[in-house]
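Have a look at the structure below, then the notes.
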Amino acid sequence: MKEDLVILRHSTSHLMAQAVKELFPEVKVAIGPAIDTGFYYDFDYDPGFTEEDLVKIEERMREIAKRDLPIVRRMVKKEEALEMFRQAGERFKVELLEAIDDDEVSLYTQEGFTDLCRGPHVASTGQLKTFKLLSLAGAYWRGDEKNKMLTRIYGTAFPDEESLKEYLQFIEEVKKRDHRRLGKELELFSISDEVGAGLVIYHPNGAVLRYILEDFERKEHLKRGYQFVVGPQILKVDMWKKSGHYENYRENMYFTKVDDVDYGIKPMNCVSHIMVYKSKIRSYRDLPLRYFELGTVCRHEKSGVLHGLLRVREFTQDDAHIFLRQDQLHEEIVKIIEFVQDVMKIFNFEFEMEISTRPEEKFIGSIEDWDKAEKVLKDVLDDQGLPYDINEGDGAFYGPKIDIKLKDAIGRKWQCATIQCDFALPERFDLHYVDSDGKRKRPVMLHRVILGALERFIGVLIEHYGGRFPVWLAPIQAILMNITDGQEEYLKAIYARMIDEGIRVELDTRNEKLGLKIRESMVRKIPYMVIAGKKEMEANVISVRMRDGEELKNIDVKDFIKRIQEENLARR
RNA sequence: GCCGACGUAGCUCAGGGGUAGAGCAGCUCACUCGUAAUGAGCAGGUCGCGAGUUCGACUCUCGCCGUCGGCUCCA
């Protein structure tokens, strides 16, 4: 974000805090930074704000802006500032101050309101014109769920009306693309409270989309030397104790007991894949071994985090576990990154990468192994000249990882693919291979997903394409429509032919006007509308209208079928 | 899990202490029609679930479930 935009937004958040203090003097202020989409400020106010309060606060902000109060910076001794905020009962500011090491701190004052702040700020409140308060939310003090929940107000600010308007239009666009809304409109999936929160029910259109993706994935994995394996849905609890999941991941797992034996429903697919590896003695020549499974897992995610398809409790990963020698690690990770690049190009996603390192607590394996693994990950990305961010302490409990964040058609980021390095599970399960010197050695394990979870990926795809899936992914590729009863038989024959050619086609011979049929198909975002009236039938051709308005008049059915089949292969 | 808002017909939503309403969708009939909504009629609801207050609750109170916006967490 540009520096002056940060200053503008940060200043607007101070303006909001001042307005809040004027209207609700008993409120205590916490922090109010600029963020990518605007700004927020956290307040401690026990009754909480209402939507109406938001309107009042915004009005007061405009009034204060009109007063054009100068914003003055002042350096004071830390002790002096502490005394001041203590007197005012601003306990959050006191807590912040106590954590600051410097002798002097800067204060920013605009008539009647002083905030502890590094700054910088605009010169006066009169410069703040184009802003809007957006929403209310709860937020833990310092982001820690053990702390008090404060009330956060989100708003946004821009240098001019034009860009504010643009941003508000962007919010509208985001709403239009919302996969939950499109999922309903396009009859892709549903989530029923009777069935359970976070459990997805695929309807025919969504199920066929999923089937296409699965089919695509199987082919892509076979091409790259992966082998298919399939593991059970439930495994004995002892297995999860051995793997460390019971210790580190139990609160996210579902359990069941049958005939006095405890089972855990799998939250990850690795254990079965490890059992395949362990089933016989492996030679150094066998490695790398790449086991792939479209593995369905269950994780008890906290109720508040569930979100359409993007965060669910049962989902299917395009999961693989690769068993390999240390010396193969670098090359294999390069291959996986190339795999991700190939696949994301097909869906037209750009992406960014992040490396997550060892957590402070809740990890297995030695610190030495962690350091080794982290180094390999960094080396690969450095060698490939790929930029990345470091996410300290954000690794999985069994190893560090590279996370890949997709950037969709309107610039939003989504986490899907991940490559996780694991020295710990091979140790726990005592995996080995026989090396060229005849000695037993420990393999390394990579956990990786390309699309991530099919549910999440489908959700992202829906928003990425705004429901207008490319032809190869479209649940319904073409819809046939007649103009009068006279063409019903003609279209039925064409329908049979297209179905036979593997095209996903629908037949609409209802006694309705063409305009209505076109409209309904447009709403459903079907790529091709095939129209046959008296004229087409007599000439033994069809007319095709595309969802972007383009038309193909009087073409041969054979040519049309060929066109769709080519698009299926080209994957555009 | 936490903070806040919300839950009325398949969908989108209005209403309000005296047992509910619109538009779209659905069904029936008429119309046989050329590129984004033909017309008329009919039918459709334990007002999320459970308890409490009340002569009476869909409306008020409490609890639960779920959804939405966030926080924390994550594929």
Side-chain angles (χ1 to χ4, degrees), chain A residues 40 42 45-51 53 134-154 178 180-181 184-185 187 190-198 249 251-252 267-269 295 297 299-319 356 394 396 401 403-404 414-418 420 447-457 459-460 481-488 509-524 529-536 543-547 549 551 553:
Chain A
Y40 67 79
D42 287 345
Y45 180 49
D46 281 330
F49 298 110
T50 63
E51 300 284 335
D53 293 337
L134 297 173
S135 59
L136 280 166
Y140 297 108
W141 166 237
R142 300 198 138 174
D144 188 332
E145 62 183 324
K146 289 183 205 81
N147 289 341
K148 180 162 192 195
M149 174 75 63
L150 307 173
T151 303
R152 176 172 296 181
I153 302 178
Y154 281 97
D178 191 314
R180 293 165 297 185
R181 170 180 171 162
K184 197 176 278 175
E185 285 173 8
E187 297 182 77
S190 65
I191 295 173
S192 146
D193 54 350
E194 289 166 287
V195 170
Y249 207 73
E251 53 292 9
N252 279 300
M268 297 184 195
N269 303 300
V297 296
R299 298 183 186 174
H300 185 88
E301 301 289 349
K302 290 181 185 174
S303 60
V305 307
L306 302 176
H307 183 93
L309 292 180
L310 301 179
R311 198 70 186 275
V312 296
R313 284 180 172 158
E314 179 180 311
F315 57 98
T316 299
Q317 298 176 297
D318 59 336
D319 205 1
S356 296
D394 221 26
K401 57 182 183 171
D403 282 329
I404 289 145
W414 308 92
Q415 216 234 271
C416 293
T418 169
Q420 307 179 343
H447 308 238
R448 46 103 288 185
V449 289
I450 305 294
L451 303 186
L454 288 178
E455 284 73 10
R456 178 178 288 182
F457 193 74
V460 171
M481 41 188 88
N482 58 342
I483 289 169
T484 71
D485 288 352
Q487 301 88 47
E488 196 171 331
T509 53
R510 290 173 306 162
N511 178 18
E512 294 289 353
K513 288 188 166 178
L514 183 61
L516 179 88
K517 294 185 183 185
I518 298 263
R519 182 185 152 75
E520 288 182 355
S521 303
M522 288 299 284
V523 169
R524 296 169 69 195
M529 287 158 272
V530 175
I531 296 145
K534 204 173 164 200
K535 282 181 281 181
E536 284 83 0
S543 288
V544 179
R545 174 183 161 135
M546 287 174 240
R547 61 189 162 185
E551 289 184 44
K553 289 278 191 197

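Every chain is numbered from 1 and lettered A, B, ... according to where its sequence line falls, protein lines coming before strand lines. These numbers come from a predicted model, not from an experiment.
- A:Leu516 comes within 4.0 angstrom of the backbone, heavy atoms only, and of no base.
- Not counting sequence neighbours, the partners of A:Glu301 by the salt bridge (Lys or Arg N to Asp or Glu O under 4.0 Å) test are A:Arg311.
- Residues forming a salt bridge (Lys or Arg N to Asp or Glu O under 4.0 Å) with A:Lys535 (at least two apart in sequence, or on another chain): none.
- Going from atom CG of A:Asp485 over to atom C1' of B:C33 covers 10 Å, rounded to whole Å.
- A straight line from OH of A:Tyr154 to P of B:A5 spans 17 Å, rounded to a whole angstrom.
- Distance, A:Asp42 CG to B:C71 P: 10 Å, rounded to whole Å.
- Contact check on A:Asp42 versus A:Lys148 returns no salt bridge, with no Lys/Arg side-chain nitrogen under 4.0 Å from an Asp/Glu carboxylate oxygen.
- Among residues two or more places apart in sequence or in another chain, the side-chain contact (heavy atoms from CB on, under 4.5 Å) test is passed with A:Arg180 by A:Asp178, A:His307.
- Partners of A:Arg456 under the side-chain hydrogen bond (donor to acceptor under 3.5 Å, both in side chains) rule, at least two apart in sequence or in another chain, do not exist in this structure.
- Side chains of A:Thr418 and A:Gln415: a donor-acceptor N/O pair is absent below 3.5 angstrom, by distance only.
- Distance check, rounded to the nearest 0.5 Å: CD of A:Gln317 to SG of A:Cys416 gives 11.5 Å.
- Nucleotides B:C3 and B:U59 are separated by 24 Å at their P atoms, to the nearest Å.
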Nucleotides 72-75 of chain B: which of its N/O atoms have a protein N/O under 3.5 Å away?
| unit_1 | atom_1 | unit_2 | atom_2 | d |
| --- | --- | --- | --- | --- |
| B:U72 | O2' | A:Glu145 | OE2 | 3.4 |
| B:C73 | O2 | A:Arg311 | NH1 | 2.9 |
| B:C73 | O2 | A:Arg311 | NH2 | 2.4 |
| B:C73 | N3 | A:Arg311 | NH1 | 2.8 |
| B:C74 | O2 | A:Arg311 | NE | 3.3 |
| B:C74 | O2 | A:Arg311 | NH1 | 3.4 |
| B:C74 | O2 | A:Arg456 | NH2 | 2.8 |
| B:A75 | OP2 | A:Lys401 | NZ | 3.2 |
| B:A75 | O3' | A:Gln415 | NE2 | 2.7 |
| B:A75 | O3' | A:Cys416 | O | 3.0 |
| B:A75 | O2' | A:Cys416 | O | 3.4 |
| B:A75 | N6 | A:Glu301 | OE2 | 3.4 |
| B:A75 | N6 | A:Val312 | O | 2.8 |
| B:A75 | N1 | A:Val312 | N | 3.4 |

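- Note: NZ (A:Lys534) to P (B:C33) measures 9 Å, nearest angstrom.
- A:Glu520 has its CD atom 13 Å from the P atom of B:C24, to the nearest Å.
- Within 3.5 Å, a donor on the side chain of A:Glu536 pairs with an acceptor on the base of B:G34, or the reverse.
- Taking the C1' atoms as reference points, B:G45 lies 5 Å from B:A9, given to the whole Å.
- B:U8 and B:G48 are spaced 10 Å apart, taking the C1' atom of each and rounding to whole Å.
- Remark: A:Ser303 engages A:Arg313 in a side-chain contact (heavy atoms from CB on, under 4.5 Å) (not counting sequence neighbours).
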What does the list of N/O pairs under 3.5 Å between the protein and nucleotides 7-16 of chain B look like, with a distance for each?
| unit_1 | atom_1 | unit_2 | atom_2 | d |
| --- | --- | --- | --- | --- |
| B:U12 | OP1 | A:Lys184 | NZ | 3.3 |

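- A:Tyr154 pairs by the side-chain hydrogen bond (donor to acceptor under 3.5 Å, both in side chains) definition with A:Arg152, not counting sequence neighbours.
- Going from the P atom of B:C47 to that of B:C33 covers 48 Å, rounded to whole Å.
- Each of A:Thr151 and A:His307 was assigned the nucleotide of RNA chain B with the nearest heavy atom; the assignment lying further toward the 5' end belongs to A:Thr151.
- Separation of the P atoms belonging to B:G17 and B:C29 is 44 Å when rounded to the nearest angstrom.
- Within the structure, every side-chain polar atom (N or O) of A:Thr484 is placed at least 4.0 Å from both OP1 and OP2 of B:C33.
- Counting only residues at least two apart or in different chains, salt bridge (Lys or Arg N to Asp or Glu O under 4.0 Å) contacts with residues 137-147 of chain A comprise A:Glu95-A:Arg142, A:Glu145-A:Lys302.
- Listed nucleotides B:U35, B:U67, B:A36 differ in distance to A:Arg519; the shortest reach to its side chain belongs to B:A36.
- The interatomic distance linking A:Leu136 (CG) with B:C6 (C1') rounds to 14 Å, in whole Å.
- Distance check on atom C1': B:U19 versus B:C24 gives 27 Å, rounded to whole Å.
- Proximity of A:Arg510 to the phosphate of B:A37: no side-chain N or O atom is located under 4.0 Å from OP1 or OP2.
- For the residue pair A:Asn482 / A:Thr509, no side-chain donor-acceptor distance below 3.5 Å is found, with atom types taken as modelled.
- The P atoms of B:G16 and B:G7 are separated by 13 Å, rounded to the nearest whole Å.
- Atom CZ of A:Arg152 and atom P of B:A5 are 18 Å apart (whole Å).
- As judged by a 4.0 angstrom heavy-atom cut-off over every strand, A:Glu51 is placed among residues making no nucleic acid contact.
- Under the rule for a side-chain hydrogen bond (donor to acceptor under 3.5 Å, both in side chains), the partners of A:Arg510 that lie at least two apart in sequence or sit in another chain are A:Asp508, A:Glu520.
- Taking a pair as Watson-Crick or G-U with both hydrogen-bonding distances under 3.5 Å, the stems of three or more pairs touching RNA chain B are B:1-7 with B:65-71, B:10-13 with B:21-24, B:26-30 with B:38-42, B:48-52 with B:60-64.
- With sequence neighbours excluded, the residues that form a side-chain contact (heavy atoms from CB on, under 4.5 Å) with A:Val523 are A:Arg519.
- Protein atom CG of A:Leu514 is 16 Å distant from nucleotide atom C1' of B:C31, rounded to whole Å.
- With C1' as the reference atom, B:A25 and B:C42 are 15 Å apart, rounded to whole Å.
- Residue A:Arg545 is classed as a base contact, given a heavy-atom separation below 4.0 Å to a base.
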